[in-house]
Structure formats: C-alpha cells, structure tokens
Student: 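Before I ask anything, here is the structure I am working with.
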Amino acid sequence: MKKMSILAAVCAILGVGSPHVQALARQHVIVGYYMGEMPVSKIPASMLTHVIYSFAEPGPDNKCIPPSAQQRQTLAQLRALRDAHPGLYVTTSIGGWSAAKNYSNVALTPRSRAAFASSCIEEYVVAPGLDGIDIDWEFPVSGGDTGMINRPQDRADVTLLLRELRRQLDALGNRTHRHYFLTAAIPAGRWQSAGPYDPARSYDLRAVAQIVDWMNVMTYDMNQGFSPVSGFNSPLYPDPPGAPVAPLQRKLNNIAGAVQYFEDRGVPANKIALGVPFYGRGFMNVSSKNAGLYSKYKGIYDETPWFRVENELLKDPAWERHWSAAVQVPWIYNPVHHIFFSYDDPHSIRLKAGFARRKHLLGTMFWVLGEDDEQNSLLRALYRQ
C-alpha cells in the first residue's frame, strides 16, 4: 500500500476532494456575487476564489425553475471563465430577496426537500458543470419581502433542507470524485421588513454551520428604509455612546457585533465569509444636525453602486464628505437637498478585509460584481489584504 500524502490523508479524513481542502487551507476566500450586470469576460477572475451566479429560483412545484436560454448561456460562459482560471469556482445562488417566496413550501416535507435538491443540482450543477449551490432564503419564519410564505417551522426546515442538499451533493461527489460546495447567505442586520429582526429566530446557526462549507454573512443593509433614523449601511464597529439608536441596533448592527453574535451561537470563524457592499444607501429629508447622521427622515435615496458614487456624487461639490472615527466608514451629506448617504470606499473596504484576517474568518464576500469601478478599486482593496 502506498503512503498517503498529508493532503490526501486530510482529504480522506474529511471525505472531500483536494479543491475543498485547498480552499480551507487557504483560509481566505474572496467571493463575488454576479447577476449578469457586466459581461462575463470582464469579471476580474484572478482576484476571486468564487463567483456565485444569482439567481435561480424555487418554483411552485417544489423544484428549481429551469434556467432560461439566456441563463444557460451565462452559465456556460462562467464555466469557461472558471476553466481558464485554476483555483476559481462557480456556484449558483437560489433565491434572493424577491425570489424566495416558495422556500417554505419547498422545505416543508422530506419529499419536497428531496425533489428540490435533486432538481437544483441537476439544473445548476450537473448540466452546466459547475461547483455547487448557495441557498439564499430571505428569510425563514419572518423578515423577508412582501408576499413571502412563512411558517414557524421554517427554522427547523431550513436545516433539514440544507442537510438534504448536502447529502445529495456528497452523493454526486462520490460518483465524480470531487467536492461540491454548499453555502448559505445569512442576514446580519437587525432591521428588516417585519421590524427588529434576530437571525437566530430564522436559523439554528450552530446546526447550519455544521452542514455548509461556509456562511456568506450579509453584514450590510444594517440601516435602510426599515430603520428608525438615518445610519450607516455597513458599519465596522458600533455606533458611539449617545447615538440615538435602539440598544439592540447599537450592539449588533455592525460588523464586529455581528461576527461576535454568530460566533457566540456556535459558528466557527472559519465558516464565516464577511459580507461587504459595493454600493451605498441614503436617507432623504434629514436634519442638518451632524451632517444628516442619526436623523429622522422622509424617503429613501436610491441604492447606488460604488462606480456612480465615485464618479458622480464624490465629484459633485454639493456633497460634503465625512468620516466616522467610531464606525470606520465614510458618509456624504448634501445640505441643499438634505440627503445623508452611507457607502464604502477602498479605505473602509481595506479596513474590513483586515478585520476579517485578524479575526481568522474564512474570507470576504461582496455584493455585487459590476458595481465596482473600472479599476476594480474595491476588489483590489479586498485582494491586497
């Protein structure tokens, strides 16, 4: 019998193929979600470890809705991109904010879970020759878009659904002698459509962490149209003492607090990919006090990609730039139109990437490819850490 290499021994112990072990050993993934907002040929693949195509959708028949002709073409292009860049993986995200309404039905019974898993794997892994699945159920139990189907048992059912997907992906891997990724996009912000929100009410985080390769933790949208006052989209650290925010919001609606929250609930650091936004959010009709920060507001300023923030807003003298030493992100204020706008720039992204490394997280993920500038300034800030 030949001696096993250390890598092969680890593979045997974990029951997975070498790409998975390499990804874990690297301990620094950079994951970009992709919605077709830019040509596949322009994706900066050399700076990424994973591209997650978004979105496939759970259908009313407890199966994944098959890809359209355009989607099949895009998936084929993504496979070609992956094949041209060793070390890059491509998976498919199923769900999203507005396309997750059927998840509660999909996850309800053993038969529905098995049918869903089988159809998704066939349509979005086997047929296009890709590397796995990302589940983006926003959200089990409560807190999602209007029209969502929700049940109290969703919290248990989402674990069972992930377990079935893991079982079927592993069975496929046994046949093809490789590992297929299973990840889950999990919220962190405490203010959602149904009011103050606790991710642990939607997910058994410890149990989910034991099933998935990692969690794509959405540490953004911390303050949006559901929030009581204007605030930061993705603050690195808590709002300062005296800020007029709810205690739960101050403690948990920031990256450092969210990571601690997940770890306290049994999620290992190396199962967390820290989410960063390549866009900003704003509030309208705010007070001029404190340049619009922590103000009551009337109306939401459109979600705006970084390339527009950089090339339009920051070049417009009507906007004043500010920096929060407390939360370590910038904001801009328009005193003429009374608009507060929170965003990330290369400096704040670099700080977040550094935080992920210091905390020994698996890496970072971002929403979304195509919202960076032509120089890929934000992605380069992640990549160079």
Side-chain angles (χ1 to χ4, degrees), residues 33 35-37 52 54-65 68 71 92-108 112-113 116 120 134-159 161-162 184-203 208 215-234 245-246 248-249 252-253 258 275 277 279-285 296-305 341-342 367-368 371:
Y33 280 87
M35 289 190 69
E37 66 283 354
I52 301 181
S54 309
F55 289 102
E57 185 173 349
D61 59 353
N62 296 332
K63 296 181 180 179
C64 262
I65 296 175
S68 66
Q71 285 179 310
T92 301
S93 186
I94 303 168
W97 178 251
S98 61
K101 61 181 179 295
N102 290 312
Y103 259 125
S104 185
N105 290 339
V106 161
L108 190 58
S112 63
R113 293 190 290 267
F116 176 75
C120 294
D134 175 70
I135 293 298
D136 190 357
W137 180 350
E138 301 186 25
F139 304 106
V141 183
S142 68
D145 196 9
T146 55
M148 280 285 294
I149 301 168
N150 294 118
R151 296 179 174 90
Q153 60 262 45
D154 287 346
R155 186 178 186 271
D157 286 349
V158 66
T159 303
L161 179 63
L162 289 166
I186 308 289
R190 296 314 188 278
W191 296 91
Q192 302 293 346
S193 60
Y197 173 80
D198 185 344
R201 293 180 181 175
S202 290
Y203 303 90
V208 170
M215 297 178 179
N216 291 308
V217 180
M218 297 185 284
T219 38
Y220 40 73
D221 295 343
M222 298 285 195
N223 291 281
Q224 47 182 306
F226 313 125
S227 305
V229 296
S230 61
F232 298 104
N233 183 42
S234 181
V245 297
L248 179 68
Q249 190 176 9
L252 298 175
N253 269 33
Y279 63 90
R281 289 184 176 275
F283 300 84
M284 302 178 69
N285 298 299
K296 297 289 185 181
Y297 60 92
K298 294 180 181 179
I300 298 300
Y301 190 84
D302 289 344
E303 180 181 316
T304 306
F341 187 82
S342 169
W367 181 270
V368 58
E371 293 192 336

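Keep in mind that this is a model prediction, so the values were computed, not measured.
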Student: Could you report the tightest heavy-atom contact between Pro58 and Ala99, atom names first, then the distance?
Tutor: CD-O, 3.2 Å
Student: List the residues meeting side-chain contact (heavy atoms from CB on, under 4.5 Å) with Pro152, not counting sequence neighbours, and say none if there are none.
Tutor: none
Student: Which pair of non-hydrogen atoms, one from Asn150 and one from Ser142, has the smallest distance, and what is that distance?
Tutor: ND2-N, 3.9 Å
Student: List for me each residue that meets ring-ring contact (aromatic ring centres under 6.0 Å, His included) alongside Tyr197, sequence neighbours excluded, and say none if there are none.
Tutor: Phe139
Student: Is the side chain of Ser193 donor-acceptor paired with the backbone N or O of Gly144 at a distance under 3.5 Å, no angle test?
Tutor: yes
Student: Please list, chain by chain and in numerical order, all residues satisfying ring-ring contact (aromatic ring centres under 6.0 Å, His included) with Tyr103, sequence neighbours excluded.
Tutor: Phe116, Trp137
Student: Which pair of heavy atoms, one from Ser230 and one from Tyr297, lies closest together, and at what distance?
Tutor: N-CD2, 3.8 Å
Student: Report the C-alpha separation of Met215 and Val208 in whole Å, then their side-chain angles, then the decisive distance to 0.1 Å, and conclude whether the side-chain contact (heavy atoms from CB on, under 4.5 Å) test is met.
Tutor: CA-CA 9 Å; Met215 297 178 179; Val208 170; 3.6 Å; yes
Student: Once side-chain hydrogen bond (donor to acceptor under 3.5 Å, both in side chains) is applied, do any residues pair with Arg151, and if so which ones, sequence neighbours excluded?
Tutor: Ser104, Asn105
Student: Would a 4.5 Å heavy-atom cut-off, applied to side chains only, mark Cys64 and Ile94 as touching?
Tutor: yes
Student: Could you measure the distance from the OG atom of Ser234 to the CZ atom of Arg281? Nearest 0.5 Å is fine.
Tutor: 11.5 Å
Student: Can you sort out the partners of Asp61 under side-chain hydrogen bond (donor to acceptor under 3.5 Å, both in side chains), two or more places apart, ordered by chain and number?
Tutor: none
Student: With sequence neighbours excluded, what pairs up with Asp198 under the side-chain contact (heavy atoms from CB on, under 4.5 Å) test?
Tutor: Ala200, Arg201, Tyr261
Student: State, with a plain yes or no, whether a side-chain heavy atom of Val141 is found less than 4.5 Å away from one of Asp154.
Tutor: yes
Student: Mind checking what makes side-chain hydrogen bond (donor to acceptor under 3.5 Å, both in side chains) contact with Ser93, not counting sequence neighbours?
Tutor: Asp134
Student: Could you go through Met222 and Leu252, starting from their C-alpha distance and side-chain angles, then the distance that decides it, and tell me whether this counts as side-chain contact (heavy atoms from CB on, under 4.5 Å)?
Tutor: CA-CA 9 Å; Met222 298 285 195; Leu252 298 175; over 6 Å; no
Student: Of all residues at least two apart in sequence or in a different chain, which pass the side-chain contact (heavy atoms from CB on, under 4.5 Å) check with Ala246?
Tutor: Trp191, Gln249
Student: Excluding sequence neighbours, so at least two apart, what forms ring-ring contact (aromatic ring centres under 6.0 Å, His included) with Tyr33?
Tutor: Trp367
Student: Would you mind reporting whether Leu108 and Gln153 have side-chain heavy atoms less than 4.5 Å apart?
Tutor: yes
Student: Indicate the atoms forming the closest heavy-atom contact of Gly59 with Val106, along with that distance.
Tutor: O-CG2, 4.3 Å
Student: Kindly write out the residues that satisfy side-chain hydrogen bond (donor to acceptor under 3.5 Å, both in side chains) with Asp136, not counting sequence neighbours, or none if the list is empty.
Tutor: none
Student: Quick check for you: to the nearest 0.5 Å, what is the distance between Ile52 atom CD1 and Met35 atom CE?
Tutor: 13.0 Å
Student: Holding to side-chain contact (heavy atoms from CB on, under 4.5 Å), I want the full list of residues that pass it with Arg113, two or more places apart in sequence or in another chain.
Tutor: Pro110, Asp157, Leu160, Leu161, Glu164
Student: Is the side chain of Thr304 donor-acceptor paired with the backbone N or O of Gly280 at a distance under 3.5 Å, no angle test?
Tutor: no
Student: Would a 4.5 Å heavy-atom cut-off, applied to side chains only, mark Tyr279 and Asp221 as touching?
Tutor: yes
Student: In Å, rounded to the nearest 0.5 Å, how long is the span from CZ of Phe55 to OG of Ser98?
Tutor: 8.0 Å
Student: State, to 0.1 Å, how close Pro60 and Asn102 come at their nearest heavy-atom pair, and which atoms those are.
Tutor: N-ND2, 3.7 Å
Student: If I compare all heavy atoms of Pro187 with all of Pro199, which pair ends up nearest, and what's the gap?
Tutor: O-CG, 3.3 Å
Student: Within the distance-only criterion (no hydrogens, no angle test), does the side chain of Asn285 pair as donor or acceptor with the backbone N or O of Lys298 below 3.5 angstrom?
Tutor: yes
Student: Would you say Asn253's side chain and Gly189's backbone share a donor-acceptor pair under 3.5 angstrom?
Tutor: no
Student: What I'd like to find out is whether the side chain of Glu303 reaches to under 4.5 Å of the side chain of Gln224, using heavy atoms alone.
Tutor: no
Student: Say whether, by atom type as modelled, one donor and one acceptor occur between the side chain of Asn62 and the main chain of Ser112 under 3.5 angstrom.
Tutor: no
Student: To the nearest 0.5 Å, what is the distance between CG (Asn216) and CD1 (Ile135)?
Tutor: 11.5 Å
Student: Quick one: list whatever passes salt bridge (charged side-chain N to carboxylate O under 4.0 Å, His left out) with Lys101, sequence neighbours left out.
Tutor: Glu57
